[in-house]
Amino acid sequence: MKNRFGLSLFFLVFLVNVVLPVVPRSDAIWNVPTSMSILLQGNINLDEYPELQKEFGGYGLVQIDGKSYNIFPIGASLLALPQLFLMTQINGSKEILNHSLEAGKFVAAAWMGIAALLVFLGFREKFGQSKALLFSLLFAFATPALSTGGRALWQQSGALLLNSALFFLLLRGKYDIRTMIWVGLVCGLGVWVRPTTLLISGPIFLFFSLKRRLRASWILLSFLPLVASYLIFNQNLYGSLFPVYFSHHIDRVFRFETFGQGLAGILISPNRGLLIWSPFLFFSAIGMLKIRGQKDSTLSWLFLSCIVAHLFLISSFDMWWGGHSVGPRLLTEIVPFFLWFAAKGSPDFSKSNPGSWLRSIWVATCILSVVFHLRASVDLGPTLWNRSPRNVDEYPERVWDWKDLQFLSGDHALKFFL
């Protein structure tokens, strides 16, 4: 029965993400073609797709020794290989390539289904089935997991999937050798998908080193080969230890002249703030205040350190708003950790104590969170907001404009219903 319940959750999240129509042309446009190049040609260059290069205008490509490659990390393409292999057997490679953006959304939808399942299983260990179901649904439909993670094969989509796996392994609480090996594998894959996941891997390794000092070495046993192969791969292809994308952006982080604005922007600005787009996560602040004295306070401190490390990095990035993003895209991968604290800080509906106003606020913020992310997934308006009426990268002050809300941009009839 429990297995059927989990499968039902997976298919619900998967199908909703597949049905929702928005598929942005984003940094993820070359991930599916790269996967298909590996499957069909045994290489990662994209010279065999001149039609796609013409269609996408060469965006996201880098020329190396006369060949075209995806400028972004290859990890998402590697993670997608099993699904795209199966899809190729069913639909054929030509059909996949003719609809590469839709194929990417299909894969990302499955990733979000798996991530929601992992969040559910982890929360069930700590909070019971009812609360686990509620928060796995909020994760899937009231956070960037819907408006970003399930819309395309973003780096953030893969990172969120892997962080959800780590989240589950931590909440399960079985710190045996097998778990250590899995943790190392997931952290190692995370580096391939998005090198900034090291900000999550580091605190987690420290956590296990303090909890199980001897067994923690098994994490390194599975982690280091993946990291070493990643560095060798980059050195051979790009002539540097990191992909071109990160090499080009390395001097754009730790720019502290805009740090305060960046930190406020990614949390509370109307068009990029996580706490505005998912206002139910305001309750995570209450959960954070309850850390001391809790039975699982060590886990809470770990998750808080992951949040702080990621917020610090993104806030110090001079393009903290994430370019042409929908909402708080750059915080997508740390949603499970915020969710943990929201679960700790949310009202207890099982008790008959006073405080109905707090419960009403909780329900209202949950509904608004679903509405905001759902609108961005059914209407292209929030996506087009980035360049109309003015390009947000040229006029980043638009991020703070309460009269020009991204989640309300687009079809007015749709606004009426949602």
Side-chain angles (χ1 to χ4, degrees), residues 10 14 17-18 23-115 149-162 165 185-186 188-195 197 225-238 243-245:
F10 164 79
F14 169 68
N17 275 285
V18 167
V23 185
R25 290 198 175 195
S26 63
D27 298 350
I29 55 178
W30 292 110
N31 284 333
V32 168
T34 299
S35 298
M36 295 304 294
S37 185
I38 294 172
L39 291 173
L40 301 176
Q41 306 290 332
N43 60 55
I44 62 169
N45 75 68
L46 300 164
D47 291 339
E48 60 266 37
Y49 307 125
E51 297 85 2
L52 286 177
Q53 292 189 32
K54 184 177 181 180
E55 179 183 351
F56 297 145
Y59 175 78
L61 294 178
V62 59
Q63 297 293 318
I64 301 175
D65 296 331
K67 296 183 180 297
S68 300
Y69 294 89
N70 188 357
I71 197 173
F72 298 101
I74 194 176
S77 297
L78 297 178
L79 278 183
L81 284 174
Q83 288 167 273
L84 288 172
F85 174 79
L86 292 175
M87 291 166 64
T88 301
Q89 309 313 305
I90 298 170
N91 297 312
S93 58
K94 186 176 181 180
E95 192 71 15
I96 300 295
L97 289 167
N98 285 341
H99 302 90
S100 62
L101 297 178
E102 290 76 12
K105 186 184 77 166
F106 192 88
V107 174
W111 287 0
M112 293 306 100
I114 296 170
R151 310 273 51 82
L153 281 185
W154 294 94
Q155 297 174 60
Q156 286 82 10
S157 305
L160 178 57
L161 172 64
L162 296 173
L185 288 172
V186 174
L189 284 172
V191 175
W192 279 84
V193 172
R194 187 163 171 78
T197 57
L226 285 170
V227 174
S229 61
Y230 170 77
L231 296 176
I232 293 170
F233 169 83
N234 289 328
Q235 186 63 45
N236 287 338
L237 179 61
Y238 305 114
V244 174
Y245 171 73

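Throughout, residue positions are numbered sequentially from 1 according to the sequence presented.
Heavy atoms only, all atoms of each residue included: Ser77 and Ser35 are closest at O-OG, 2.7 Å. Nearest heavy-atom pair across Ser37 and Asn45 is OG-O, 2.9 Å. Between Asn31 and Leu153, the closest heavy-atom pair is ND2-O, 2.6 Å. Minimum heavy-atom separation, Leu189 to Leu226: N-CD1, 3.9 Å. Taking each heavy atom of Gln53 and Asp47 in turn, the nearest pair found is NE2-CA, 3.9 Å. When every heavy atom of Val18 is checked against every heavy atom of Phe106, the shortest pair comes out as CG2-CD1, 4.0 Å.
Residue Gln83 holds its CD atom at 11.0 Å from CD1 of Ile96, rounded to the nearest 0.5 Å. Between the CD1 atom in Ile44 and the CE atom in Met36 there is a gap of 15.5 Å [rounded to 0.5 Å].
For Asp65, the CG atom sits in a loose shell: 12 or fewer heavy atoms of surrounding residues, nucleotides or ligands are nearer than 6.0 Å.
Here the side chain of Thr34 pairs no donor or acceptor atom with the backbone of Leu46 at under 3.5 angstrom.
For residues 33-79, the ring-ring contact (aromatic ring centres under 6.0 Å, His included) pairs, not counting sequence neighbours, are Trp30-Phe56, Phe72-Tyr245.
Applying the side chain to side chain donor-acceptor pair (under 3.5 Å) test to Ser26 and every residue at least two apart in sequence or in another chain returns nothing.
Under 4.0 Å is where a charged nitrogen must lie from a carboxylate oxygen, and between Glu48 and Lys67 no such pair does.
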